[in-house]
Amino acid sequence: GAVVSQHPSWVICKSGTSVKIECRSLDFQATTMFWYRQFPKQSLMLMATSNEGSKATYEQGVEKDKFLINHASLTLSTLTVTSAHPEDSSFYICSAGNQGLALSYEQYFGPGTRLTVT
Amino acid sequence: TQLLEQSPQFLSIQEGENLTVYCNSSSVFSSLQWYRQEPGEGPVLLVTVVTGGEVKKLKRLTFQFGDARKDSSLHITAAQPGDTGLYLCAGRVTGGGNKLTFGTGTQLKVEL
């Protein structure tokens with residue numbers, strides 16, 4: 001149980017184009033989904049938190065107009081990188097969770113999407 | 001300023017050796033988790049600790065949560081090549097909701 005998928009797993013796009021990444025919770029309903037980016041040999045940095053049916057909350061320094069997040073259902077959140085540039089190349093990882101017992105709330109991570117902008 | 005500092009950053013050891021990874025902060029966490037991540041994949045949860053002073057064991061891995069809930073450690077006994085990976089601690093700051101803050105990471109390589 002608690003499987004999260006991402007699509008695509010790997011994408012190469014040209015500078016100036018937009019790319020959409022999907023994150024799905026396959027066997028549970030996710031009230032909250034999180035988007036992270038990770039540069040090589042570094043840790044995960046939280047970009048934004050999305051709650052189903054409401055606007056995403058972005059971390060400081062993350063441009064909300066560049067990284068569009070939509071959480072239209074309890075099983076799907078999308079991240080669109082608009083007008084991508086080479087510096088946006090990174091590993092993007094989503095996670096999904098559901099509010100249960102407050103102390104045992106856990107996030108389940110997707111396998112990640114490698115974005116390369118040429 | 002990184003909220004959660006891990007040490008060491010990199011560790012290369014021989015099979016059979018023991019090691020300890022530390023995760024330190026000046027903030028108090030309501031819960032703390034340890035993950036292992038392999039290249040090109042998402043992090044995989046190893047353990048969650050929620051009580052100050054708590055010790056959890058998972059086969060050769062021993063996790064400890066500090067009494068004040070500001071730090072944690074991961075000890076691996078008799079490391080094996082299959083333990084190679086990026087180890088990440090991540091915590092929820094008390095009063096910070098469900099948002100996870102990740103540590104700086106420890107890259108472990110276990111050689112034959």
Side-chain angles (χ1 to χ4, degrees), chain A residues 1-11 21 23-25 30-51 56-60 62 90-116, chain B residues 1-12 21 23 25 28-52 54 56 65 69 84-109:
Chain A
V3 178
V4 176
S5 71
Q6 282 185 240
H7 177 80
S9 56
W10 180 58
V11 57
I21 301 170
C23 176
R24 293 182 185 271
S25 56
T31 52
T32 306
M33 287 185 171
F34 302 86
W35 287 96
Y36 299 83
R37 67 186 297 181
Q38 183 179 31
F39 292 108
K41 300 193 184 299
Q42 293 188 22
S43 187
L44 279 70
M45 295 297 293
L46 180 64
M47 298 174 66
T49 302
S50 78
N51 293 296
T57 302
Y58 290 81
E59 294 300 300
Q60 192 173 10
V62 178
S90 188
F91 194 51
Y92 291 87
I93 305 173
C94 74
S95 70
N98 202 335
Q99 186 68 53
L101 295 173
L103 291 181
S104 64
Y105 178 92
E106 290 181 352
Q107 294 180 27
Y108 301 96
F109 285 82
T113 296
R114 170 75 58 195
L115 170 63
T116 301
Chain B
T1 302
Q2 186 67 38
L3 197 59
L4 273 168
E5 293 283 346
Q6 286 183 236
S7 62
Q9 287 181 285
F10 301 97
L11 187 58
S12 181
V21 178
C23 174
S25 175
V28 177
F29 292 92
S30 57
S31 66
L32 194 138
Q33 299 176 328
W34 283 92
Y35 293 84
R36 189 176 82 191
Q37 184 183 26
E38 299 196 25
E41 299 181 11
V44 175
L45 178 66
L46 297 174
V47 76
T48 299
V49 286
V50 297
T51 306
E54 183 176 4
K56 280 192 174 179
F65 201 11
R69 291 185 288 131
T84 295
L86 177 65
Y87 287 83
L88 298 159
C89 64
R92 286 197 179 78
V93 177
T94 301
N98 292 322
K99 191 167 68 173
L100 267 182
T101 299
F102 275 83
T104 47
T106 296
Q107 185 66 54
L108 171 66
K109 183 177 182 181

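Sequence lines set the chain letters: A, B, ... in the order given, protein chains first and strands last, and positions in each chain run from 1.
Atom NZ of B/Lys56 sits in a crowded spot, with more than 12 heavy atoms from other residues, nucleotides or ligands closer than 6.0 Å. More than 12 heavy atoms of other residues, nucleotides or ligands lie within 6.0 Å of CD in A/Glu59, so this atom counts as buried by the packing criterion.
Each of B/Gly105, B/Pro39, B/Pro43, B/Gly42 has some count of heavy-atom pairs under 4.5 Å with chain A, and the biggest count is that of B/Pro43. Of the listed residues (A/Thr49, A/Leu44, A/Ile93, A/Thr113), the one with the most heavy-atom contacts under 4.5 Å to chain B is A/Leu44.
In this structure, chain B has a heavy atom under 4.5 Å from the side chain of A/Leu46, while its backbone stays farther away. At a 4.5 Å heavy-atom cutoff, B/Gln6 makes no contact with chain A through either its backbone or its side chain. Heavy-atom distances place no part of A/Gln6 under 4.5 Å from chain B, backbone and side chain included.
Of the inter-residue distances, the one linking A/Gln42 atom CD with B/Leu86 atom CG reads 10.5 Å to the nearest 0.5 angstrom. Rounding to the nearest 0.5 Å places OG1 of A/Thr57 at 8.5 Å from NZ of B/Lys99. The line from OH of A/Tyr108 to CG of B/Leu45 is 8.0 Å long, rounded to the nearest 0.5 Å.
The shortest heavy-atom contact between A/Phe91 and B/Glu41 is CE2-O, 3.5 Å.
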List the steps and the verdict of ring-ring contact (aromatic ring centres under 6.0 Å, His included) for B/Tyr35 and A/Tyr36.
CA-CA 15 Å; B/Tyr35 293 84; A/Tyr36 299 83; 9.2 Å; no
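Between B/Phe102 and A/Phe34, the distance from one ring center to the other does not fall under 6.0 angstrom.
Side-chain atoms of A/Ser43 come within 3.5 Å of backbone N or O of B/Gly103 as a donor-acceptor pair.
Side chains of B/Gln33 and A/Gln107: a donor-acceptor N/O pair is absent below 3.5 angstrom, by distance only.
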